Amino acid sequence: MSEIIRFQTPVIYERRTATRDIELGGKIIKEGDRVAMWYISGNRDESVFDEPDRLRIERPNARQHLSFGMGPHRCIGSRLAEMQLRVLWEEVLARGLEIEVLTPPTYAFSNLVRSPTRLPVRIKG
Ligand code: HEM
């Protein structure tokens with residue numbers, strides 16, 4: 001589940017306002033600065049994830065992904081989201097379903113969420 005959530009990164013970024021001056025990664029962030037946290041970029045950080053652009057479901061550190069954010073506002077529904085995906089895949093595999101993607105997905109016009117709006121599939125089982 002974690003590798004799928006890392007790879008997809010459904011929420012692309014969140015924004016914070018700095019409460020104090022700080023140096024981060026060699027950059028100065030001033031109190032009051034508005035900062036975008038690009039989860040989609042962190043999830044492709046090659047210093048953390050080997051071959052980050054590949055979906056590798058057995059990736060040992062997939063749970064280090066940032067798709068649920070971090071800190072006090074980290075996603076409160078993360079465990080539910082993981083369980084929903086796990087149950088979905090358990091049932092797909094138990095039924096031996098084959099899901100064939102017919103055309104590439106279309107996405108919502110958004111830089112905040114990576115949200116497919118249309119993904120035609122054929123299900124054989
Ligand atoms: C794969 C599915 C999901 C993803 C990728 C996701 C991602 C996120 C992200 C990135 C944040 C903001 C974290 C931050 O600001 O640092 C967030 C917050 C939140 N999420 Fe999710 N979420 C998912 C599913 C869910 C579900 C299923 C629920 C509820 C049942 C949920 C409820 C919330 C709530 C209430 C917050 C706000 C927490 C706060 O501000 O303290 N999320 N989520």
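Quick note: residue numbers are just sequence positions, from 1. What you see is a predicted model, and the numbers here were worked out from it, not measured in a lab. Order of listing sets the numbers, starting from 1, for every ligand and every atom in it.
Results of the side chain to side chain contact (heavy atoms under 4.5 Å, CB included) test with Phe7 over Asn43, Ile57, Leu55 single out Leu55 as the only residue that passes. Applying side-chain hydrogen bond (donor to acceptor under 3.5 Å, both in side chains) to Arg86 and the options Gln84, Glu82, Glu90 leaves one that passes, Glu90.
For ligand 1, none of its N or O atoms has an N or O atom of Ser78 under 3.5 Å away.
The shortest side-chain heavy-atom distance between His73 and Glu14 does not fall under the 4.5 Å cut-off.
Which of Gly69, Ala81, Cys75 comes nearest to atom 19 (C) of ligand 1 through a heavy atom is settled by distance: it is Cys75. When the heavy atoms of Gly77, Pro10, Pro72 are ranked by distance to atom 26 (C) of ligand 1, first place goes to Gly77.
Near Arg16, with a cut-off below 4.0 Å to any heavy atom, the atoms of ligand 1 are 14 (C), 15 (O), 16 (O). Close contacts between ligand 1 and Met70 involve ligand atoms 16 (O) [criterion: under 4.0 Å to a heavy atom]. Atoms of ligand 1 lying under 4.0 Å from any heavy atom of Ser67, numbered from 1 in the order shown and given with element: 5 (C), 7 (C), 10 (C). Heavy-atom contacts of Leu80 reach the following atoms of ligand 1: 30 (C) (cutoff under 4.0 Å).
Of all the heavy atoms in Ile99 and Val92, the pair that sits closest is CD1-CG1, 4.3 Å. Contact between Gly42 and Phe49 at its shortest, heavy atoms only, is O-CE1, 3.7 Å.
In terms of modelled atom types and a separation under 3.5 Å, the side chain of Arg59 and the main chain of Arg54 share a donor-acceptor contact.
Nearest to atom 4 (C) of ligand 1 among the protein's heavy atoms is Phe68 CE2, 3.5 Å. Nearest protein neighbour of atom 40 (O) of ligand 1, counting heavy atoms only, is His73 ND1, 2.8 Å. Closest to atom 35 (C) of ligand 1, if we only count protein heavy atoms, is Ile76 CG2, 3.1 Å.
Heavy atoms of Glu14 found under 4.0 angstrom from ligand 1 belong exclusively to the side chain.
Residues Asp33 and Thr17 have side chains that never bring a donor and an acceptor to within less than 3.5 angstrom of each other.
Linking Ile, Leu, Val, Met, Phe, Trp and Tyr whenever their side-chain heavy atoms come within less than 4.5 Å leaves Ile5 and Met70 in two separate clusters.
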